[in-house]
Undergrad: 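Here it is, the structure in full.
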Amino acid sequence: MSIEGLEQQTEVRKNRVGAVKQFVVFNIIGLLNTLVDFIVYSLLVWAGLYVLPAQAISYTAGMVNSYTLNSLLTFKGDKSRASESNFDRRRAVRFIILNAAVLGVSMLLLYEFTEVMKIGPLLGKLLATGVTVILNFAGSKWWVFRGA
């Protein structure tokens, strides 16, 4: 095998290892975001706030944590591109749009679970989160942080 062939194989292996590492880090950060979201939500509901405003506030807290940690750790991307302010602004705007859409879905689901199906607020939150985690990962991976 030629040196070029060996170099290509090495690059493919690096990319695979990098993708696995990225996936693991994304999921660890996702657990932290979910923890932040659930703690804030639980405290707000316990304090008497209605579930929908509690959801909006708690989701926003998790979202800020998510953007910060995923930008710094998971989807670092090409440092030369990341230094361009336009690239960072576009990514931030995409992140906000994605999370606004996911928040809307989560609030609709939370309303459906708690008001229509009469499920408790914490179980309703857990069920809604199960759906929105999938949407958020897909949107983050293939739209917000694409190419990173």
Undergrad: What's the spacing between Trp143 CH2 and Arg91 CZ if we round to 0.5 Å?
TA: 13.5 Å
Undergrad: Are Val144 and Ile97 linked, directly or through intermediate hydrophobic residues, by side-chain heavy-atom contacts shorter than 4.5 Å (ILVMFWY only)?
TA: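 Yes, because Ile97 and Val144 connect within a single hydrophobic cluster, where side-chain heavy atoms sit under 4.5 Å apart.
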Undergrad: Does a donor on one side chain sit under 3.5 Å from an acceptor on the other, for Tyr67 and Asn99?
TA: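 Not at all, the side chains of Tyr67 and Asn99 share no donor-acceptor pair under 3.5 Å.
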Undergrad: Does Leu73 reach the side chain of Phe26, with side-chain heavy atoms less than 4.5 Å apart?
TA: no
Undergrad: If hydrophobic clusters are built from ILVMFWY residues whose side chains come within less than 4.5 Å, do Leu52 and Val105 share one?
TA: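 Yes, Leu52 and Val105 fall within the same hydrophobic cluster.
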Undergrad: What pairs with Leu126 under side chain to side chain contact (heavy atoms under 4.5 Å, CB included), at least two apart in sequence or on another chain?
TA: Phe38, Leu123
Undergrad: Tell me whether Leu44 shares a hydrophobic cluster with Leu103, the cluster being built from Ile, Leu, Val, Met, Phe, Trp, Tyr side chains joined at under 4.5 Å.
TA: no
Undergrad: Is it true that Val131 and Val51 fall in one hydrophobic cluster, defined by side-chain heavy atoms closer than 4.5 Å?
TA: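 In one cluster: yes.
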Undergrad: Give a yes or no on whether Leu72 atom CG has more than 12 heavy-atom contacts from other residues, nucleotides or ligands under 6.0 Å away.
TA: yes
Undergrad: How about Leu32 and Leu69: do any of their side-chain heavy atoms sit closer than 4.5 Å?
TA: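 Of all side-chain heavy-atom pairs linking Leu69 with Leu32, at least one is under 4.5 Å.
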Undergrad: Just so I know, are the side chains of Phe137 and Asn27 near enough to count as touching, which here means a heavy-atom distance under 4.5 Å?
TA: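 The answer is no, as the side chains (C-beta and beyond) never meet within the 4.5 Å cut-off.
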Undergrad: Taking all non-hydrogen atoms of both residues, which atom of Ala61 and which atom of Val40 are closest, and how far apart?
TA: CB-CG2, 4.2 Å
Undergrad: Would you give the length of the straight line joining atom NZ of Lys125 to atom OG1 of Thr129, rounded to the nearest 0.5 angstrom?
TA: 4.5 Å
Undergrad: To the nearest 0.5 Å, tell me how far Asn65 CG sits from Thr60 OG1.
TA: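 Nearest 0.5 Å value for the CG-OG1 distance: 12.5 Å.
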Undergrad: Closest approach of Ser106 and Ala128, non-hydrogen atoms and distance?
TA: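 Here Ser106 and Ala128 meet closest at O-CB, 4.0 Å.
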Undergrad: So, do Phe95 and Met63 sit near enough that their side-chain heavy atoms are less than 4.5 Å apart?
TA: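 The answer is yes, as the side chains (C-beta and beyond) meet within the 4.5 Å cut-off.
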Undergrad: List the atom of Ser66, the atom of Asn33, and the distance in Å for their closest heavy-atom pair.
TA: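 Distance-wise, the nearest heavy atoms are CB-ND2, 3.1 Å.
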Undergrad: Before giving the answer on side-chain contact (heavy atoms from CB on, under 4.5 Å), spell out for Leu31 and Leu35 the whole-Å C-alpha distance, their side-chain angles and the decisive distance to 0.1 Å.
TA: CA-CA 6 Å; Leu31 289 172; Leu35 184 62; over 6 Å; no
Undergrad: Is any side-chain heavy atom of Leu98 closer than 4.5 Å to a side-chain heavy atom of Val102?
TA: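 A side-chain contact under 4.5 Å exists here.
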Undergrad: Less than 4.5 Å apart, side chain to side chain, heavy atoms only: is that true for Arg146 and Arg94?
TA: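 Of all side-chain heavy-atom pairs linking Arg94 with Arg146, at least one is under 4.5 Å.
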Undergrad: Find out if a path of hydrophobic residues (ILVMFWY) with successive side-chain heavy-atom gaps under 4.5 Å connects Val64 to Val93.
TA: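 They do not share one cluster, since no chain of ILVMFWY contacts under 4.5 Å joins Val64 to Val93.
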Undergrad: Looking only at side chains, do Asn136 and Thr132 share a donor and an acceptor under 3.5 Å apart?
TA: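 On atom types as modelled, these side chains do not qualify, holding no pair under 3.5 Å.
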Undergrad: So, taking the atom named CG in Leu109 and the one named CD in Gln55, what distance separates them when rounded to the nearest 0.5 Å?
TA: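 Leu109 atom CG to Gln55 atom CD measures 9.5 Å (nearest 0.5 Å).
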Undergrad: Just wondering, do Val45 and Leu49 contact through their side chains at under 4.5 Å, heavy atoms?
TA: no
Undergrad: Just do the side-chain contact (heavy atoms from CB on, under 4.5 Å) check on Leu122 and Tyr41 with the steps written out, would you?
TA: CA-CA 9 Å; Leu122 294 180; Tyr41 177 82; 3.9 Å; yes
Undergrad: Identify each donor-acceptor pair in which a side-chain atom of residues 111-118 lies under 3.5 Å from a protein atom, sequence neighbours left out, and give them as a table.
TA:
unit_1 : atom_1 : unit_2 : atom_2 : d
Thr114 : OG1    : Leu110 : O      : 2.7
Glu115 : OE2    : Tyr50  : OH     : 3.1
Lys118 : NZ     : Glu115 : O      : 2.9

